[in-house]
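In what follows, chains carry the letters A, B, and so on, assigned in the order in which the sequence lines appear, proteins first and then strands, with residues in each chain numbered from 1. Quantities reported herein were computed from a predicted structural model and do not represent experimental measurements.
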Amino acid sequence: MNNKKFIILDGNSIAYRAFYALPLLNNASGLHTNAVYGFTTMLLKILEEQKPTHLLVAFDAGKVVFRHEDYQDYKAGRARTPGELSEQFPYIRELLDHFKIKHIEQEGYEADDIIGTLTLQADQEAIPTVIVTGDKDMLQLVSEYVQVALIRRGISEVEWYTPATIKEEYGLAPNQIIDLKGLMGDTSDNIPGVPGVGEKTALKLLHQFDSMERVLDSIDEVSGKRLKENLEKYRDDAVMSKELATIHRSVPIELPIDSLLYTGYESEEVGKIFEKFEFNSLMERVGQEATVEDKSLAEVDFTIVTEENWDDFETMLCDDCCLYVELDGTNVHRAELIGFGLEHDEKVVYIPYQTAKQWTGFQEWLQADNGKVVHDLKQAKVALAWHDLRIEGVALDIMLASYLINPSESKFDLQEVVKRASGQTILSDEEVYGKKAVKNKLDAEQVGAHVAKKVTLIRKSQQALSEQLQEADMSALFHDLEMPLASVLAEMEYTGINVDLQQLKGMGQQLEGQLSDLTNEIHQQAGQQFNINSPKQLGEILFDKLGLPVIKKTKTGYSTNADVLDKLQGQHEIIPQILHYRQLGKLYSTYIEGLIKEIHPQTGRLHTSYNQATTATGRLSSVEPNLQNIPIRLEEGRRIRQSFVPSEDSWVILSADYSQIELRVLAHIAGDENLVEAFLQGADIHTKTAMNVFGVLADDVTSDMRRQAKAVNFGIIYGISDYGLSQNLNITRKEAASFIERYFDVFQGVQEYMKDIVEKAKQDGYVTTLLNRRRYLPEITHRNFNIRSFAERTAMNTPIQGSAADIIKLAMVNMSRALTEKKLRSRMLLQVHDELVFEVPKEELEQMKQLVAETMEQAITLRVPLKVEVSWGDTWYDTK
DNA sequence: TCGGTCACG
DNA sequence: ACGTACGTGACCGAA
């Protein structure tokens with residue numbers, strides 16, 4: 001019986017991981033703490049989850065490591081440890097001392113070798129042991145008693161390795177990991193390996209021959225001429241690489257595992273060091289109180305307005321008020337109105353809905369043009385509309401202001417917005433009302449107290465937000481675009497779009513039949529019943545039972561997405577059936593059942609909610625239901641649109657979409673001569689691109705060339721990478737790179753733009769759209785290549801996507817005004833990023849076709865014309 | 001609650 | 001040190 005648990009941490013490796021995964025944190029005295037912080041969170045996780053009885057942290061010694069004696073270039077390729085990291089090592093040791101955790105470094109040896117030596121002891125003494133590291137090489141030490149916890153995805157996760165999981169992932173035993181590395185090398189340590197041998201080839205060889213030595217002894221039997229030559233030629237490198245990769249397990253240290261007994265830390269001691277590093281957020285985890293300032297707002301004095309006393313408050317109904325509308329329920333179209341919070345000159349009242357319904361003075365004030373300040377104007381407008389109330393005259397919506405100031409924030413509910421603007425906090429609705437919204441059941445006193453705080457904080461946030469808008473030069477964008485748009489959207493949402501329920505149900509029945517047939521056939525072909533909707537079960541059928549080749553893996557197992565299944569086409573008759581099943585299943589669950597559930601009981605229509613403060617680029621999004629992703633690309637799905645119909649007889653659906661708006665915006669912003677010229681000529685842009693990229697005349701552009709050119713154009717908009725394009729087109733990276741090169745040869749202005757915008761983002765820390773919408777990109781200077789690259793692509797894409805969003809928003813505001821001015825009965829119903837959908841009485845059709853096209857095309861003047869295509873029909877499906 | 005998948009621009 | 005196109009939301013199964 002052995003109830004010991006020995007954990008050994010690879011100190012350098014964890015610190016490295018933490019350093020590169022986290023932004024450079026500073027404490028008040030300017031000390032960098034990100035590696036220390038990351039190390040600490042990992043340590044706490046280990047202590048809490050694993051409860052080790054014995055514990056040690058091993059570090060590399062700062063001096064020459066013995067491997068250098070064999071191979072001068074060992075680790076030469078690796079960038080020198082940055083000063084910001086090396087200065088943190090002493091602090092990590094100090095931290096460990098406060099935790100009373102032993103740590104060790106041994107002159108001339110790496111942490112690997114110390115760990116190798118100690119785990120050998122653990123093996124011999126049969127002590128269950130875990131190595132915590134970010135270094136895959138350590139997998140060679142795995143055994144019956146020794147597991148590796150490999151740090152993944154930054155530092156947020158660990159993946160556990162036992163002999164069985166290594167077998168599963170690589171088909172190798174732990175000691176073959178060094179053969180693998182000998183053959184394939186490791187660029188990060190500058191271990192050469194054999195040129196042309198990557199992980200795939202190395203694994204194939206090892207599966208066939210078992211060890212690197214056997215591979216080298218049997219080169220004759222290896223398939224592939226080039227491979228044979230390389231193995232022969234770089235034989236010595238392979239041998240040396242394997243030696244370099246081998247962890248030495250006989251470091252001369254006298255350190256019995258029994259001496260590493262860990263009896264835990266003293267909360268107070270650890271608290272002291274956390275205080276030094278300012279790890280406030282971790283205090284509670286070690287049993288110390290976090291010394292955070294109390295920023296919560298004190299109780300606010302308020303009065304509940306009733307029929308008896310409302311005369312006393314008439315004077316508050318004036319020009320300088322903050323207003324908050326309290327709802328019960330999350331869906332605004334089904335929500336109950338609870339009451340109103342009103343603030344003027346530091347006086348606060350709470351007006352229960354019942355009172356508001358009676359108080360005509362208040363209702364008149366609601367509609368008056370008196371410069372109210374609110375949070376979420378659109379929500380207020382829609383909720384009030386459902387209760388036959390109207391609100392007008394709002395000058396400032398603090399939610400929208402906060403969104404413009406930084407659209408990348410994750411939340412814009414009142415609590416978060418006011419916290420950012422004023423620094424003050426109040427309880428969340430959930431904390432006040434409990435999990436389910438049951439505000440009706442709380443008395444007016446309790447609800448009033450909460451609402452009074454909310455409206456008080458709107459006031460406290462107002463000024464800071466206005467100033468920040470001004471400083472960022474976004475006042476015009478705010479007042480002339482986003483604020484009016486909120487009202488336009490409110491009307492669209494409240495209007496809703498009519499659906500033909502019978503039509504939907506009919507399609508549903510048809511789909512049910514097809515799905516059940518498909519299910520039977522798939523089960524038959526699989527030879528057993530299983531849940532086709534479960535990627536896990538499907539993976540087991542396809543790859544374990546039917547033995548199809550594994551194309552891609554996910555974190556949790558086999559990948560079975562459409563890309564993968566496409567590559568398996570032709571290998572088994574089950575594949576096309578599964579693809580078909582997936583397609584129909586999606587239609588049924590999301591677009592038949594899903595939409596039917598959302599039909600409003602009172603109107604029989606679909607009332608979506610647009611989120612005006614969600615996307616980082618300035619686009620809208622649509623929820624409950626999402627009407628911005630109704631199928632169109634495949635005919636079977638497209639028919640869903642047949643159930644989107646006008647709400648009155650002899651009306652039609654009219655749809656207008658911008659043609660190539662993003663590429664036109666790019667042409668304008670980049671000022672690229674060729675691209676501008678192409679649009680001025682009215683050319684088919686994808687054909688034009690194909691001509692340039694493939695160097696052929698218009699008549700010689702094949703449909704396949706056009707398809708590839710189209711993908712290149714998309715790639716350009718997304719911030720192109722050769723890898724991304726190669727994935728999309730299923731071509732090699734080299735081919736993709738050459739497409740891109742030829743594109744940039746022709747469209748040099750575009751290339752210039754891409755370079756400049758990234759440079760500008762680095763300078764300013766943000767990028768902007770045509771209407772000065774801003775998106776911050778702090779990660780554009782990140783040390784981690786991936787994170788930085790992502791920010792660079794975002795810098796290229798956001799001005800394009802965001803400007804297109806600006807333009808259609810502008811068109812919507814103008815269109816709404818035009819409808820009112822011209823007293824038209826037509827209604828704007830939906831926005832789908834580059835498309836507007838209306839319902840139109842036939843008498844207005846001719847006028848509307850003109851008006852919509854003109855309004856959208858003239859929304860803004862660019863170096864290139866904007867083009868709008870208008871179509872109409874009896875259903876949304878027929879607008880093509 | 002999270003990850004995989006898939007619908008849209 | 002190290003994986004990828006940009007921006008979303010809904011549904012399902014598995015934990």
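Atom-to-atom, CZ of A:Arg775 to C1' of C:dG7 comes out at 8 Å; the value is rounded to the nearest Å. Whole-Å rounding puts the A:Ile800 CD1 to C:dA5 C1' distance at 13 Å. Note: CG (A:Leu538) to C1' (C:dC12) measures 13 Å, nearest angstrom. One atom, CD of A:Glu593, and another, C1' of C:dC12, lie 12 Å apart when rounded to the nearest Å. A:Gln612 has its CD atom 15 Å from the P atom of C:dT8, to the nearest Å. In this entry the distance linking CD of A:Glu598 with C1' of C:dA10 reads 10 Å, nearest Å. Between the CZ atom of A:Arg788 and the P atom of C:dA1 there is a distance of 15 Å, given to the nearest Å. At whole-Å resolution of the value, CE in A:Met796 and P in C:dG7 are 12 Å apart.
The side chain of A:Thr615 approaches C:dT8 more closely than any other nucleotide in the set C:dT8, C:dC2, C:dC6. In the set C:dA10, C:dG7, C:dG13, C:dA10 carries the atom at the smallest distance from any side-chain atom of A:Glu624. For A:Ser621, whose side chain is taken as the heavy atoms from C-beta onward, the closest listed nucleotide among C:dG7, C:dA14, C:dT8 is C:dT8. When each of C:dA1, C:dC6, C:dA14 is scored by its nearest atom to the side-chain atoms of A:Tyr20, the top-ranked nucleotide is C:dA1.
A:Ile720 comes within 4.0 angstrom of a nucleotide base, judged by non-hydrogen atoms across all strands. At the heavy-atom level, A:Ala804 lies nowhere under 4.0 Å from the strands shown. Among the heavy atoms of the strands lying under 4.0 Å from A:Thr614 are primed sugar atoms or P, OP1, OP2 only; no base atom is included. Within 4.0 Å of A:Asn533, counting heavy atoms only, lie sugar-phosphate atoms of the nucleic acid but no base atom. Within the nucleic acid shown, A:Gly715 comes within 4.0 Å of at least one base atom, counting heavy atoms only. Backbone-only contact: A:Asn531 has heavy atoms under 4.0 Å from sugar-phosphate atoms and none from a base. No contact: A:Ala795 has no heavy atom under 4.0 Å from any strand. At the heavy-atom level, A:Ser721 lies under 4.0 Å from base atoms of the strands shown. Counting any heavy atom pair closer than 4.0 Å across all strands shown, A:Arg733 reaches a base atom.
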>> For nucleotides 4-9 of chain B, give me one character per nucleotide, 5' to 3': B if any protein heavy atom sits under 4.0 Å from the base, S if the only such contacts are to the sugar-phosphate, - if neither.
In response: SSBBBB
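Shown here are the ring pair (Phe, Tyr, Trp, His ring centres under 6.0 Å) partners of A:Tyr170, two or more places apart in sequence or in another chain: there are none. A search for ring pair (Phe, Tyr, Trp, His ring centres under 6.0 Å) contacts involving A:His333 returns A:Trp386, A:His607, not counting sequence neighbours. Every residue was checked against the ring pair (Phe, Tyr, Trp, His ring centres under 6.0 Å) condition with A:Phe39, not counting sequence neighbours, and none meets it. Looking at residues two or more places apart in sequence or on another chain, you find no ring pair (Phe, Tyr, Trp, His ring centres under 6.0 Å) involving A:Tyr161.
When each of A:Gly134 and A:Lys597 is assigned the nucleotide of DNA chain C bearing its nearest heavy atom, the one mapping closer to the 5' terminus is A:Gly134.
Taking 4.5 Å as the limit, some side-chain heavy atom of A:Tyr403 sits within range of a side-chain heavy atom of A:Thr615. Counting only heavy atoms from C-beta outward, the side chains of A:Phe739 and A:Ile731 approach each other to under 4.5 Å.
The pair A:Glu482-A:Arg773 meets the salt-bridge criterion, with a side-chain N (NZ, NE, NH1 or NH2) lying under 4.0 Å from an Asp/Glu carboxylate O. Between A:Lys597 and A:Glu593 there is no salt bridge, since no side-chain nitrogen of the basic residue lies less than 4.0 Å from a carboxylate oxygen of the acidic one. A salt bridge links A:Arg619 to A:Glu662: one of the charged nitrogens lies within less than 4.0 Å of a carboxylate oxygen.
Distances shorter than 4.0 Å separate some side-chain N or O of A:Arg793 from OP1 or OP2 on C:dC6.
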> Tell me, what's DNA chain C's dot-bracket, Watson-Crick or G-U with both distances under 3.5 Å, | for other-strand, [ ] crossing?
Replying inline: .....|||||||||.
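Taking the P atom of each, B:dA7 and C:dC2 are spaced 33 Å apart, rounded to whole Å. For the P atoms, the distance from C:dA5 to B:dC6 is 15 Å, rounded to whole Å.
Nearest approach of A:Ile669 to A:Ser803, heavy atoms of both residues: CD1-OG, 4.0 Å.
Side-chain atoms of A:Ser789 and A:Asn786 include no donor-acceptor pair closer than 3.5 Å.
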